[in-house]
Protein chains: 2
Amino acid sequence: MEDSSRIAGPRMRADARRNQGRILAAAREVFAEHGIDAPMATVARRAGVGVATLYRRFPTRDALVRAAFAHQMQTCARALTEALTDPDPWRGFQRLFETVCELQREERGFPAAFVAAFPDSTAGHAQARERTERDLTTLVRRAQAAGALRADFHPSDLVVALLSHCGLVTALPHDSAASRRLVAYLLQSFRAEAAHRPLPPPSALSLRDVPIAADGSQRQRSSRA
Amino acid sequence: MEDSSRIAGPRMRADARRNQGRILAAAREVFAEHGIDAPMATVARRAGVGVATLYRRFPTRDALVRAAFAHQMQTCARALTEALTDPDPWRGFQRLFETVCELQREERGFPAAFVAAFPDSTAGHAQARERTERDLTTLVRRAQAAGALRADFHPSDLVVALLSHCGLVTALPHDSAASRRLVAYLLQSFRAEAAHRPLPPPSALSLRDVPIAADGSQRQRSSRA
DNA sequence: ATGTAAGCGGACGATGCCGTCCACATAGAA
DNA sequence: TTCTATGTGGACGGCATCGTCCGCTTACAT
């Protein structure tokens, strides 16, 4: 599989490059307002280009979605790296979680993209994904070794927490207080001293089999845009 | 606003009543498989009736969705009543939460319906809704008075928790372990003894303004069924 | 200044779903 | 058995979106 969108290379006409930028900006706006299912034509119109241009640059909707939120994805990746280098393991863990949730909260449309892009992403390549998986595990183990994160915490719990937060901000896009509350509750229950009782067994979820493109649907609401 | 679907009354032809049943069963199946956005025609076909019959009985998709999951909604309502009468306030609280989450986990399609129907539902009338709201608050206060539920817990937190759980089971429809884990984490963080640190302010969410039908969209995934 | 390859835009046919309309069927009363 | 109100099915017109095709435009190398 090649890179989803033709990346702005050196051999690209200036106007083409400009349009690519406009398209991505428009996509972010439109996806934020109408969800990632918004008509492609809407994005094109907002960008001030024709549909053909849009399709030439981003052959599929997924490619567009992924490109539009690539920056946020990178921010997530960077946050993970930073978390690993934090001298205080718990603070690293906490910050990662809070940063990702904040991103989901503030960039509307991103949560949907986050969930949608999960299977093959956090950059696109299985290699990057495995790295992410490994780093997450390291982050968890470190925080546990420091006695801050409860011993029965499983790396997949982090994904579970992030996905449920996605769901919340999707259902209540304007209620950042709700999001903050959930984050606070979850973080508290992840602390070692909160481990009063045993937990049920963790999800078998190896980050790799999150929400396959298959099965499709399972939409959140029934109303149309 | 009248009742969404013509209820099976005494003056209904036997075949009509039979068809109504088949439609509801088909709707549950189809919604579970393809999400609540599945084409109406699919439901009709599966039920072995014509589209016209479907539309006559359920003029809008929402009416169908609500009727299809009315039973689950009633189970929720009943669980709330039972929770209030439980001699152990915390156990009542815990059971309510677990029961609703179990329902969301097991009846695929129900989470979406749950979120979608929230604004005007838990029966349909504002009256019933207010009653629900009041009962929830009572449940929370009782559990707090018993010293089991943390004092800074706000009734809206229950909605926040349920909505995030909805999001999780929507993203991972087959992973009940993940759902159970989330429920366990949340319940632990709701306990009074977990209140190590203060929480951010609660959501202004008065159950009434949950996920308005307006705005629309904000779908979870981009792929089509 | 000029030629041309890269880029552009919008019209267009295809597809899929919606919701109605109407000619036909039948349950059940008389 | 007969009659009719109630119920039925599927065809059909309408609409939105998809993604492609092709003739025109323009950046930029020479």
Side-chain angles (χ1 to χ4, degrees), chain A residues 4-27 30-31 33-65 67 213 216-217 219 221-225, chain B residues 4-27 30-31 33-65 67 116 213 216-219 221-225:
Chain A
S4 43
S5 82
R6 172 127 147 233
I7 207 67
R11 288 295 145 248
M12 197 174 181
R13 256 168 57 170
D15 53 343
R17 185 189 303 253
R18 193 172 347 114
N19 279 337
Q20 173 140 324
R22 292 162 140 242
I23 288 173
L24 288 175
V30 170
F31 289 158
E33 284 174 32
H34 306 294
I36 59 176
D37 277 350
M40 299 290 262
T42 305
V43 175
R45 204 178 328 120
R46 169 102 47 142
V49 306
V51 257
T53 303
L54 176 51
Y55 278 108
R56 188 172 326 105
R57 221 51 80 186
F58 307 98
T60 70
R61 162 180 252 97
D62 258 21
L64 178 58
V65 169
S217 67
R219 262 59 177 281
R221 304 213 65 259
S222 70
S223 69
R224 310 246 159 326
Chain B
S4 43
S5 81
R6 173 131 147 231
I7 204 70
R11 287 297 144 248
M12 196 175 183
R13 252 166 59 170
D15 54 343
R17 184 189 303 252
R18 196 175 342 119
N19 280 338
Q20 171 138 325
R22 291 162 141 241
I23 289 173
L24 288 175
V30 171
F31 289 158
E33 283 173 32
H34 306 294
I36 60 177
D37 277 349
M40 297 291 262
T42 305
V43 175
R45 204 176 330 117
R46 169 102 48 143
V49 306
V51 256
T53 303
L54 177 50
Y55 278 108
R56 188 173 327 106
R57 221 52 81 187
F58 308 99
T60 71
R61 164 180 249 95
D62 259 20
L64 178 59
V65 169
S217 67
Q218 214 55 287
R219 262 57 176 285
R221 303 213 67 259
S222 70
S223 69
R224 311 244 162 324

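Quick note on labels: first sequence line is chain A, next is B, and so on, each numbered from 1. Given the structure is predicted, the values throughout are model-derived calculations rather than measurements.
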Going 5' to 3' through nucleotides 24-30 of chain C and flagging B where a protein heavy-atom sits under 4.0 Å of the base, S where only the sugar-phosphate is that close, and - otherwise, we get --BSS--
Let's see if you can work this out: which of C:dG9, D:dC18, D:dG10 has an atom nearest to the side-chain heavy atoms of B:Ala52?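 Closest nucleotide among those given: D:dG10.
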Side chain of B:Arg56 only, please: which of D:dG7, C:dC8, C:dG9 is the nearest?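 Minimum distance to the B:Arg56 side chain belongs to D:dG7.
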Kindly indicate whether the side chain of [X], heavy atoms from C-beta on, has any atom under 4.5 Å from the side chain of [Y].
X: A:Met12; Y: A:Arg18; answer: no
X: B:Phe58; Y: B:Leu24; answer: yes
X: A:Thr60; Y: A:Val65; answer: no
X: B:Leu64; Y: B:Met40; answer: yes

Tell me the interatomic distance from [X], atom [atom1], to [N], atom [atom2], rounded to whole angstroms.
X: A:Tyr55; N: C:dC8; atom1: OH; atom2: C1'; result: 16 Å
X: A:Leu54; N: C:dA11; atom1: CG; atom2: C1'; result: 17 Å
X: B:Arg57; N: D:dG9; atom1: CZ; atom2: P; result: 11 Å
X: A:Ile23; N: C:dG7; atom1: CD1; atom2: P; result: 12 Å
X: A:Phe58; N: C:dC8; atom1: CZ; atom2: P; result: 11 Å

Look at the side-chain N and O atoms of [X] and state whether any lies under 4.0 Å from the OP1 or OP2 oxygen of [N].
X: B:Asn19; N: D:dG7; value: no
X: A:Thr53; N: C:dG9; value: yes
X: B:Arg61; N: C:dC17; value: no

Please name all residues satisfying side-chain contact (heavy atoms from CB on, under 4.5 Å) with A:Val51, sequence neighbours left out, ordered by chain then number. A:Ala41, A:Ala44, A:Tyr55
Not counting sequence neighbours, which residues clear side-chain contact (heavy atoms from CB on, under 4.5 Å) with B:Ala47? List them please. B:Arg22, B:Ile23, B:Ala26, B:Val49
Of residues 39-49 of chain B, the positions that come close to DNA chain D - non-hydrogen atoms, cut-off under 4.0 Å: B:Gly48, B:Val49
List every contact pair, protein side and nucleotides 1-4 of chain C side both N or O, where the distance is under 3.5 Å.
none

Scan A:Ala16 against the nucleic acid and name what it touches under 4.0 Å (heavy atoms): base, sugar-phosphate only, or nothing.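 Result for A:Ala16 = sugar-phosphate.
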